[in-house]
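What follows is a set of notes on a single structure, which appears directly below.
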2 protein chains.
Amino acid sequence: MKTPSVKRKVKMADIGAALGVSAMTVSRAFKGDAGINARTRAAILAKADELGYVFDATASNLRKSRTGFVAITVPSVENANFSATVRDLTKRLQKKNLQILLANTEYDPAEEERLIVQLLRRKPEAVVLTGAQHSQRTRALLTNVQIPVVEIWDLPEQPLGHVVGFSNRTSMSGLVDHMVRTGRRRLAFLGGETANDPRGVQRRAGFVEAMERHGLDATRLIPAGSAPVGMTEGAAGLDLLLDQYPDTDGLLCVSDLVAFGALAQCKRRGVRVPEDLAVSGYGNYEIGRVCEPPLTTIDVHAGQIGSRTADLILDLLDAPAEGAAQRHVIQPDLILRRSTP
Amino acid sequence: MKTPSVKRKVKMADIGAALGVSAMTVSRAFKGDAGINARTRAAILAKADELGYVFDATASNLRKSRTGFVAITVPSVENANFSATVRDLTKRLQKKNLQILLANTEYDPAEEERLIVQLLRRKPEAVVLTGAQHSQRTRALLTNVQIPVVEIWDLPEQPLGHVVGFSNRTSMSGLVDHMVRTGRRRLAFLGGETANDPRGVQRRAGFVEAMERHGLDATRLIPAGSAPVGMTEGAAGLDLLLDQYPDTDGLLCVSDLVAFGALAQCKRRGVRVPEDLAVSGYGNYEIGRVCEPPLTTIDVHAGQIGSRTADLILDLLDAPAEGAAQRHVIQPDLILRRSTP
DNA sequence: ACCAAAATAGTTATCGTTAACATAATGACG
DNA sequence: CGTCATTATGTTAACGATAACTATTTTGGT
């Protein structure tokens with residue numbers, strides 16, 4: 001077996017030379033459908049394999065001015081909800097040989113801006129942004145760009161382009177309605193500080209709005225620490241709550257993780273759920289289904305957001321410049337479980 | 001404001017033309033450090049901004065034959081452990097303006113192979129594979145490739161290149177030792193079926209090996225369904241276990257999620273943990289810290305795997321062809337909590 | 001056997017940036 | 001005031017695949 005001492009990169013022309021055909025013919029063999037003799041193609045592909053040829057997408061992309069990249073920014077892939085979205089988006093786009101360019105903003109608009117600049121240099125064919133909060137410069141960059149821009153996980157008032165999202169506000173306010181319908185009146189909201197978690201802010205706003213609509217006290221807002229908040233903060237938050245408002249009979253948490261933490265703390269303090277305190281979460285994480293008692297929650301269909309975004313992008317890439325910005329509103333579902341009466 | 005009806009892409013030469021300099025000078029202005037007059041650079045950058053220029057990484061990559069891509073395959077970003085690895089890897093590489101190309105194998109070696117082919121076409125500068133199980137062709141492709149290959153999350157016997165991982169086997173076997181040390185003898189293992197979860201297989205092997213070493217019965221192996229298994233399967237698995245081996249006094253689960261499901265089911269059935277049954281998890285997920293009782297578990301330092309892999313890659317890219325394949329072994333930590341005596 | 005249509009292959013120039021080399025301007029110094 | 005660094009810029013030719021065009025064969029219908 002001949003091992004070339006200096007591994008010069010094999011290119012299409014080399015394969016062509018070895019078979020007495022032109023580079024163009026080799027290119028056709030790799031494209032799949034173009035008019036090329038089946039025998040020629042087979043020979044080319046075989047020779048390519050033999051020479052250890054690897055197609056160079058960089059050169060192809062430059063010439064075709066199509067990259068097959070789709071850029072996506074997420075606050076954090078570590079969040080189970082966002083990762084479900086990323087997974088289903090990736091899954092569907094992967095099938096069409098589109099490549100995800102993933103970037104984590106760490107909940108920081110300045111970092112988002114830096115990343116967007118980097119991502120745009122790669123000439124993606126679409127950009128997906130999780131959330132509606134962007135720096136001025138990010139907005140400017142993205143309105144000038146000639147590719148589809150999709151904001152997901154929110155319903156921004158001034159969208160940059162297309163939207164696939166749901167109303168954090170309305171869904172949380174529906175949850176309040178349910179609590180009130182079942183007789184609870186002294187409700188509290190437990191969530192992260194407002195700094196850089198726009199979804200938390202919206203959910204809190206939904207809580208306040210619904211409480212005021214019912215003529216109830218909307219001031220029991222417990223800060224659980226800076227976003228992203230989790231179980232630990234939920235447990236600590238419950239202590240804060242009961243210190244300050246011991247007669248609370250319903251607790252709405254910004255996420256299932258927080259609610260689970262609160263639940264665990266209830267158990268330790270001997271607070272009965274839901275008899276003494278009804279507790280709800282948000283996001284329909286697996287944990288809420290399995291804990292005791294199981295959590296009433298909102299299913300935002302995180303995976304569906306990903307797959308519908310993928311469908312939208314695939315459509316837009318097929319039929320370019322297809323008129324106005326689309327707005328896909330996902331309906332979150334209220335899931336009733338035993339943590340509320 | 002003049003809106004060009006046909007937005008022809010602005011390139012370096014256009015900026016140069018507008019300022020009476022050559023494209024090369026513009027290129028130098030964007031490179032940062034090269035010998036170029038400060039005033040000239042400022043003018044160029046300003047003009048670039050004015051014209052809405054976006055640097056074309058595709059062309060640059062082709063010319064330089066460096067892409068700044070790092071490819072990584074993961075069974076599923078949805079798994080909290082893998083996503084912690086991805087996050088810390090991304091975080092560190094992002095800072096150096098390396099771009100992650102993420103691909104989900106869905107625990108399927110055939111899909112992994114397909115994705116590797118796609119990824120290699122993008123000319124990444126390094127490839128990271130989660131796990132040691134690869135198809136024959138994948139192995140062939142990756143041994144011929146001229147870039148660093150890193151396998152993580154395992155210690156493969158025949159590594160393809162570098163390794164950053166830990167021993168699932170040894171760590172699980174250490175957990176058995178602990179159970180035995182604290183007086184438990186009738187131990188069972190609860191995990192997914194073996195088909196395509198090599199890490200689960202290793203953990204099970206560690207269980208069996210340790211049990212045999214102690215001269216104990218190693219046959220209580222409960223299948224919890226096909227990987228990836230979660231809380232739901234854990235709960236169902238506990239029922240299976242107690243039906244078959246009611247006198248079991250220690251249960252080792254393949255993950256914290258499974259252990260939590262089992263724990264919840266114990267509570268429903270009135271089984272006291274740890275008095276009647278000691279339970280342990282694996283992976284140190286947040287849930288194990290907060291549930292009641294908190295779970296004894298193994299912390300595999302998932303985030304650390306990501307950051308050490310990032311460091312390794314950065315080193316290798318700086319000092320290319322730096323001799324032999326490196327093997328970084330991470331020491332998992334045994335975390336004792338109240339679910340075991 | 002003849003010709004149009006279809007199938008197959010080749011040529012050339014290009015996508016936008018940048019390495020490598022060439023050139024021009026500036027200054028330092030004996 | 002010439003000589004040699006030093007700094008700043010320009011010129012040319014790639015990187016590798018492929019669109020657009022042209023050229024050559026096959027095919028099939030009459």
Side-chain angles (χ1 to χ4, degrees), chain A residues 6-45 47-48 51-69 97 118 120-125 146, chain B residues 6-45 47-48 51-69 97 118 120-125 146:
Chain A
V6 176
K7 247 187 191 165
R8 229 185 43 74
K9 220 183 305 170
V10 182
K11 53 178 134 172
M12 285 186 172
D14 300 328
I15 300 174
L19 292 167
V21 299
S22 74
M24 193 62 231
T25 302
V26 179
S27 172
R28 290 194 179 101
F30 273 89
K31 257 195 295 210
D33 46 18
I36 180 179
N37 183 286
R39 195 187 278 72
T40 315
R41 148 166 312 128
I44 288 173
L45 294 182
K47 182 57 85 177
L51 298 180
Y53 171 72
V54 179
F55 183 92
D56 189 328
T58 308
S60 172
N61 292 342
L62 175 60
R63 180 62 241 244
K64 299 208 289 188
S65 24
R66 303 195 67 236
T67 57
F69 287 132
N97 286 339
Q118 291 300 320
L120 289 180
R121 291 178 155 206
R122 304 277 185 186
K123 307 291 170 183
E125 299 186 30
Q146 296 299 90
Chain B
V6 176
K7 247 190 192 165
R8 225 184 48 73
K9 219 182 305 172
V10 182
K11 55 177 134 171
M12 285 187 172
D14 300 328
I15 301 174
L19 292 168
V21 299
S22 74
M24 195 60 231
T25 302
V26 178
S27 172
R28 290 195 178 100
F30 273 89
K31 254 195 297 207
D33 46 17
I36 180 179
N37 184 287
R39 195 188 276 74
T40 314
R41 149 168 310 130
I44 288 173
L45 294 182
K47 182 58 83 177
L51 298 180
Y53 170 73
V54 179
F55 182 92
D56 189 327
T58 308
S60 174
N61 291 343
L62 175 60
R63 181 61 241 242
K64 299 207 290 188
S65 24
R66 304 196 65 233
T67 58
F69 286 133
N97 287 337
Q118 292 301 318
L120 288 181
R121 291 178 156 209
R122 305 277 185 188
K123 307 291 169 182
E125 299 185 29
Q146 295 300 87

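Below, each value reflects all heavy atoms present in this structure, side chains not excepted, and no hydrogens, waters or symmetry copies. Residue numbers start from 1 in every chain, and the chains themselves are labelled A, B, ... in the order their sequence lines are given, proteins ahead of strands. Owing to the predicted nature of the structure, the values given are computational and were not obtained by experimental measurement.
- Computed from coordinates, the B/L62 CG to D/dT18 P distance equals 12 Å when rounded to whole Å.
- Here the side chain of A/M12 is nearest to one of D/dG10, C/dA9, D/dT18, namely D/dT18.
- How far CD1 of A/I36 is from CZ of A/R41: 5.5 Å, rounded to the nearest 0.5 Å.
- Computed from coordinates, the B/R41 CZ to D/dA8 C1' distance equals 12 Å when rounded to whole Å.
- Between the C1' atom of D/dC15 and the NZ atom of B/K123 lies a distance of 12 Å, rounded to the nearest Å.
- Put simply, the side chain of B/K123 does not reach to within 4.5 Å of the side chain of B/N61, judged on heavy atoms.
- To the nearest 0.5 angstrom, A/I15 atom CD1 is 10.5 Å from A/S27 atom OG.
- Nucleic acid contact for A/F55: sugar-phosphate only, since backbone atoms but no base atoms lie under 4.0 Å from a heavy atom of the residue.
- Dashed line: the shortest gap from a side-chain N or O of B/K31 to OP1 or OP2 of C/dA19 is under 4.0 Å.
- By the 6.0 Å and 45° rule, A/R122 stacks over the aromatic ring of B/F69.
- With the nearest nucleotide of DNA chain D identified for both A/S60 and B/A38, B/A38 has the one nearer the 5' end.
- Between B/I15 atom CD1 and C/dG16 atom C1' there is a gap of 12 Å when expressed in whole angstrom units.
- Atom pair B/N61:CG and D/dA17:P shows a separation of 15 Å (rounding to whole Å applied).
- The phosphate of D/dT9 (OP1 or OP2) has a side-chain N or O of B/T40 nearer than 4.0 angstrom.
- Summarising the geometry, the separation between CD1 on A/I44 and P on C/dT8 is reported as 13 Å, rounded to the nearest angstrom.
- A/G20 comes within 4.0 angstrom of the backbone, heavy atoms only, and of no base.
- Taking atom CG on B/L19 and atom P on D/dA8, their separation rounds to 17 Å, with Å as the unit.
- At a threshold of 4.0 angstrom between heavy atoms, the contacts of B/V26 with the nucleic acid are absent.
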Inset, instruction - Walk me through it: do B/K11 and B/D14 pass the test side chain to side chain contact (heavy atoms under 4.5 Å, CB included)? - result: CA-CA 5 Å; B/K11 55 177 134 171; B/D14 300 328; 3.4 Å; yes
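- In this structure, B/M12 CE and B/F30 CZ are separated by 6.0 Å, a value rounded to the nearest 0.5 Å.
- Nearest nucleotide to the side chain of B/M24, out of D/dA17, D/dG10, D/dT18: D/dG10.
- Residue A/K64 places none of its side-chain N or O atoms closer than 4.0 Å to OP1 or OP2 of D/dA17.
- Under 4.0 angstrom from either OP1 or OP2 of C/dG10 there lies at least one side-chain N or O belonging to A/T25.
- When distances run from any side-chain atom of A/A59 to the nucleotides D/dG10, D/dA17, C/dA9, the shortest one goes to D/dA17.
- Using a 4.0 Å cut-off, some side-chain N or O of A/Y53 falls inside it from OP1 or OP2 of D/dA17.
- For A/R28, whose side chain is taken as the heavy atoms from C-beta onward, the closest listed nucleotide among D/dG16, D/dC21, C/dT17 is D/dC21.
- Note: CG (B/N37) to P (D/dG10) measures 12 Å, nearest angstrom.
- Side-chain proximity of B/K11 to D/dT18, C/dT17, C/dT18: nearest is C/dT17.
- A donor-acceptor contact under 3.5 angstrom links the side-chain atoms of A/R63 to the base of D/dT18.
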